[in-house]
Amino acid sequence: MQNMSDRARLHNGVEMPWLGLGVYQMDEDKQVVEAVQSALSLGYRSIDTATLYQNETGVGEAVASSGIAREEIFITTKVWNSDQGYESTLAAFETSRRKLGLDYIDLYLIHWPVKGKYKDTWRALEKLYAEGAVRAIGVSNFQPSHIEDIMADSQVIPMVNQVEYHPKLAQKPLLAFCQFHGIQLEAWSPLMNGKLDDPLLHQIAAQYGKTAAQVVLRWDLQNGVVTIPKTVHPGRMKENMDLFDFELSPQDMALISQLDQSVRLGADPDNFDF
């Protein structure tokens, strides 16, 4: 990863930007529109939303007004838990596509592995993929056991698994599993909701003339993990992009990885009730 335009190649050949903007908890109206417009003007080309976020319409408005060719922008959205199931997922996808105002979605994900539903949901995603309504399909918050369950009788292996991933939750077995099967791991909450007060991160950052946030995002990229930090501030967006003029040494990569404590900020994919 040498510059912002570099892309990860998914196992079906589709290319996905290594760095994008997450829009979780951004208000539907002015806030998300302005944030996405700012990101696109700065050079971001990947926007990650979801049915749950209730801001797909705003994302679509910002994309439409950007003046950037549609094929240059990579849009991800997700089917929410209450919409899972075969027919209901197909209907939810059409709702998301209409709200976004797009002919196709670049990446469609199952948001959480809802027991008894996610395999039927995956069949729906396979149909959408076969029809060309989506360029790539994947999952979010799935453990290896969930992915193996899907792969046991599916036609398509997930192309992406988006999970909580940061130095305090390095998920090494999951990363290794995904890499083995050619599934691109993607990090949500990469900056630990701003909890970057560990002295080691600041010590390493000082060595490179960078911030702790930039060091963590660079650690993601060097681990081969796509990352989508969320911010509404253009200054932070610019800072989060400034990752391509330095490289962490193997020693510093290892030190950051040693911060892993299996600490989750979000729910446990094996034990959630929503």
Please check: side-chain N/O of [X] versus main-chain N/O of [Y], any donor-acceptor pairing under 3.5 Å?
X: Glu61; Y: Val33; result: no
X: Asn240; Y: Pro229; result: no
X: Asp6; Y: Gln2; result: yes
X: Glu126; Y: Ser154; result: no

Other residues, nucleotides, ligands: >12 heavy atoms within 6.0 Å of [X] [atom1]:
X: Lys99; atom1: NZ; value: no
X: Arg9; atom1: CZ; value: no
X: Asp103; atom1: CG; value: no

* Provide the full list of ring-ring contact (aromatic ring centres under 6.0 Å, His included) pairs with a residue in residues 245-274, sequence neighbours left out, each pair given once. => Trp80-Phe274, Trp112-Phe272, Trp112-Phe274, Tyr208-Phe246, Phe272-Phe274
* Please list all pairs passing the salt bridge (Lys or Arg N to Asp or Glu O under 4.0 Å) test where one or both residues lie in residues 162-176, with sequence neighbours left out. => none
* **Of all pairs that satisfy salt bridge (Lys or Arg N to Asp or Glu O under 4.0 Å), the ones with a partner from residues 104-115, not counting sequence neighbours** => Arg70-Asp106, Asp106-Arg135
* Asked: Taking only residues two or more places apart in sequence, or in another chain, which ones meet Tyr86 in a ring-ring contact (aromatic ring centres under 6.0 Å, His included)?
  -> none
* Pairing residues for Trp18 by the ring-ring contact (aromatic ring centres under 6.0 Å, His included) criterion, not counting sequence neighbours -> none
* **Carboxylate-amine/guanidinium contact Asp120 Lys117, below 4.0 Å** => no
* Ion pair check, Glu94 and Arg97, cut-off under 4.0 Å -> yes
Looking only at heavy atoms, what is the nearest atom pair of [X] and [Y], with distance?
X: Ile147; Y: Cys178; result: CD1-SG, 4.5 Å
X: Pro158; Y: Met151; result: CD-CG, 4.4 Å
X: Pro190; Y: Val216; result: O-CG1, 3.3 Å
X: Met192; Y: Pro167; result: CE-CD, 3.9 Å
X: Gly58; Y: Val32; result: CA-CG1, 3.7 Å
X: Thr51; Y: Ser96; result: OG1-OG, 3.2 Å

Any side-chain donor-acceptor pair under 3.5 Å between [X] and [Y]?
X: Thr49; Y: Asn55; result: yes
X: Arg218; Y: Gln222; result: yes
X: Ser257; Y: Trp219; result: yes

Distance check, rounded to the nearest 0.5 Å: [X] atom [atom1] versus [Y] atom [atom2]?
X: Gln162; Y: Leu107; atom1: CD; atom2: CG; result: 8.0 Å
X: Leu21; Y: Ile47; atom1: CG; atom2: CD1; result: 5.0 Å
X: Asp273; Y: Asp268; atom1: CG; atom2: CG; result: 11.5 Å
X: Gln143; Y: Asn161; atom1: CD; atom2: CG; result: 8.5 Å
X: Ser66; Y: Ile73; atom1: OG; atom2: CD1; result: 4.0 Å
X: Asn223; Y: Leu185; atom1: CG; atom2: CG; result: 9.5 Å

* Asked: With Glu247, which residues qualify under salt bridge (charged side-chain N to carboxylate O under 4.0 Å, His left out), at least two apart?
  -> none
When hydrophobic residues are tied together by side-chain contacts of less than 4.5 Å, even through go-betweens, does [X] share a cluster with [Y]?
X: Trp188; Y: Met159; result: no
X: Leu90; Y: Tyr104; result: no
X: Ile228; Y: Ile75; result: no
X: Val263; Y: Tyr165; result: no
X: Leu169; Y: Tyr24; result: no

* Of the options Val226, Val160, Ile137, which is the one that meets Leu10 in a side chain to side chain contact (heavy atoms under 4.5 Å, CB included)? -> Val160
* Asked: Per the side chain to side chain contact (heavy atoms under 4.5 Å, CB included) rule, which among Arg7, Glu72, Met4 passes with Pro17?
  -> Arg7
* Check the pair Thr89, Asp83 against side-chain contact (heavy atoms from CB on, under 4.5 Å), reporting the backbone distance first and the verdict last. => CA-CA 6 Å; Thr89 293; Asp83 291 326; 5.6 Å; no
According to side-chain hydrogen bond (donor to acceptor under 3.5 Å, both in side chains), who are the partners of [X], at least two apart in sequence or on a separate chain?
X: Thr121; answer: Gln84
X: Trp122; answer: none
X: Tyr118; answer: Asp149

* Does any pair with a residue in residues 31-45 pass side chain to side chain donor-acceptor pair (under 3.5 Å), and if so which ones, sequence neighbours excluded? -> Gln37-Ser65
* **Where at least one partner belongs to residues 225-239, residue pairs that pass side chain to side chain donor-acceptor pair (under 3.5 Å), sequence neighbours excluded** => Thr211-Glu239, Asp220-Thr227
Do [X] and [Y] have side chains that get closer than 4.5 Å, going by heavy atoms?
X: Val36; Y: Leu40; result: yes
X: Lys195; Y: Ser189; result: no
X: Phe93; Y: Thr77; result: no

* To do: Apply the test side-chain contact (heavy atoms from CB on, under 4.5 Å) to residues Leu109 and Val139: give CA-CA distance (whole Å), side-chain angles for both, the deciding distance (0.1 Å), then the verdict.
  => CA-CA 5 Å; Leu109 304 178; Val139 294; 5.8 Å; no
* Given Asp48 and Glu186, is the side-chain contact (heavy atoms from CB on, under 4.5 Å) satisfied, shown in steps? -> CA-CA 11 Å; Asp48 180 275; Glu186 180 179 15; 4.3 Å; yes
* Asked: Is there a side-chain contact (heavy atoms from CB on, under 4.5 Å) between His166 and Leu191 once you walk through the steps?
  -> CA-CA 7 Å; His166 46 70; Leu191 297 177; over 6 Å; no
N/O donor-acceptor pairs under 3.5 Å from side chains in residues 197-207, not counting sequence neighbours:
from: Asp198; atom 1: OD1; to: Leu200; atom 2: N; distance (Å): 2.9
from: His202; atom 1: NE2; to: Leu196; atom 2: O; distance (Å): 2.6

